[in-house]
2 protein chains.
Amino acid sequence: MSVGHTGITSQVSPPAPVGPCGEGDCGIRDVLDRIGDRWTVLVLVELSKGVRRFRELQRAIPGISQRMLTLTTRRLCRDGLVERTAYPTIPPQVDYRLTAVGRSLADTVFGLADWSAAHKDTIAAARQRWDAEHPSGQPD
Amino acid sequence: MSVGHTGITSQVSPPAPVGPCGEGDCGIRDVLDRIGDRWTVLVLVELSKGVRRFRELQRAIPGISQRMLTLTTRRLCRDGLVERTAYPTIPPQVDYRLTAVGRSLADTVFGLADWSAAHKDTIAAARQRWDAEHPSGQPD
DNA sequence: CTGTATCCCTCTGGATACTG
DNA sequence: CAGTATCCAGAGGGATACAG
């Protein structure tokens, strides 16, 4: 074989000593499918402060619509992360509280919050630098 | 005041002893906006195993399209989580590797993976139970 | 108060084709 | 190989009205 390329392409991909989890995905996508949406973590965080009623949650989480709060709490209930208690009063009253599993998830999520707090400045700086060096428009 | 309700509604919302972070959101949404999409964590996980070329990443992450891999890696670069090295060879070669900050994020994300592994069965069970008790259709 | 039901719009991301 | 450009479908989620 003669020229045309540098030979670098003949390297395949040798090292690859796998990370903490054996292969590709681990179960990370599972968690993210559960908390990656716009509202779930906010509900989790609010409920980590104590029992909340429907309306209290809505007031505590500024932009959330009635519809999304209903959907979000229901999904959390379905997964056993939140417990719902309805009192047959008039007007009706419904309490939401974290289950043990839900609390453990909330704690894990706070790990992300810690990371965010620790690195948000660094990231903001990197982003500014990148944007300055790439005036060619939008990042997407 | 006479009847009409049970009096329960007069309770406002007394306790609320705030969680780990002072108020509402913390920076959790920041992180989730960064990793909550379909592909970012998968790229992070793959890169946590070592340096990877564009094509290697694509092969390692089954469903990802060329377009999404480009967008995902670029966003990671922009935030300083991934470093891109391009060699002006023919055909071109580009390496991606985690920065120190990127590695710390990957580590944090693995915390989610641990949680997922520890609770996936419990959650699957809760979900099955809920679906059995609510035959009325879809959860959304 | 606690939901449910509709409508509708945006944004993400997949498929495909093309360039250097 | 690495990346860009275009088109397009579907999910997520907001606004609103209605119900128990």
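Keep in mind the model is a prediction, meaning the values are calculated, not measured. Chain naming here is simple, since letters A, B, ... match the order of the sequence lines and numbering starts at 1 in each.
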*asked:* What is the separation between atom CG on L57(A) and atom P on dG3(C), rounded to the nearest whole Å?
replied: 10 Å

*Single hit among R52(A), R59(A), R53(A) for salt bridge (charged side-chain N to carboxylate O under 4.0 Å, His left out) with E46(A)*: R52(A)

*Below 4.0 angstrom, N of the basic side chain to O of the carboxylate: do D131(B) and R78(A) qualify?*
yes

*For residues S104(A) and W115(B), report the shortest heavy-atom separation together with the two atoms involved.*
OG-NE1, 2.7 Å

_Is there a side-chain contact between R53(A) and the phosphate of dT2(C), meaning an N or O under 4.0 Å from OP1 or OP2?_
yes

*asked:* As a test of reading the structure: which of dG3(C), dC1(C), dA2(D) is closest to the side chain of F54(B), going by heavy atoms?
replied: dA2(D)

*State, to the nearest 10°, the angle formed by the axis through the first five base pairs of the helix from dC1(C)-dG20(D) to dG20(C)-dC1(D) and the axis through its last five.*
40°

*For atom CZ of R127(A), is the number of surrounding heavy atoms from other residues, nucleotides or ligands below 6.0 Å larger than 12?*
yes

*Can you check whether Y96(B) has a side-chain N or O nearer than 4.0 Å to OP1 or OP2 of dC1(D)?*
no

*Please state whether the phosphate of dC1(D), meaning OP1 or OP2, lies under 4.0 angstrom from any side-chain nitrogen or oxygen of R52(B).*
no

_By side chain to side chain contact (heavy atoms under 4.5 Å, CB included) - contacts of T122(A) (at least two apart)_ = V101(B)

*Let me know the distance between CZ of R74(A) and C1' of dA5(C), rounded to the nearest Å.*
12 Å

*asked:* Quick test of your reading of the model: are D79(A) and R34(A) salt-bridged, counting only N-O distances below 4.0 Å?
replied: yes

*Which nucleotides of nucleotides 13-20 of chain D have their base under 4.0 Å from a protein heavy atom (B), which only their sugar-phosphate (S), and which neither (-), written as one string 5' to 3'?*
BBB-B--B

*Does the side-chain contact (heavy atoms from CB on, under 4.5 Å) test come out yes or no for R29(B) and V41(A), once each step is laid out?*
CA-CA 8 Å; R29(B) 283 257 30 107; V41(A) 286; 3.9 Å; yes

_Any side-chain to backbone donor/acceptor pair from T40(B) onto I35(B)? Under 3.5 Å, distance only._
no

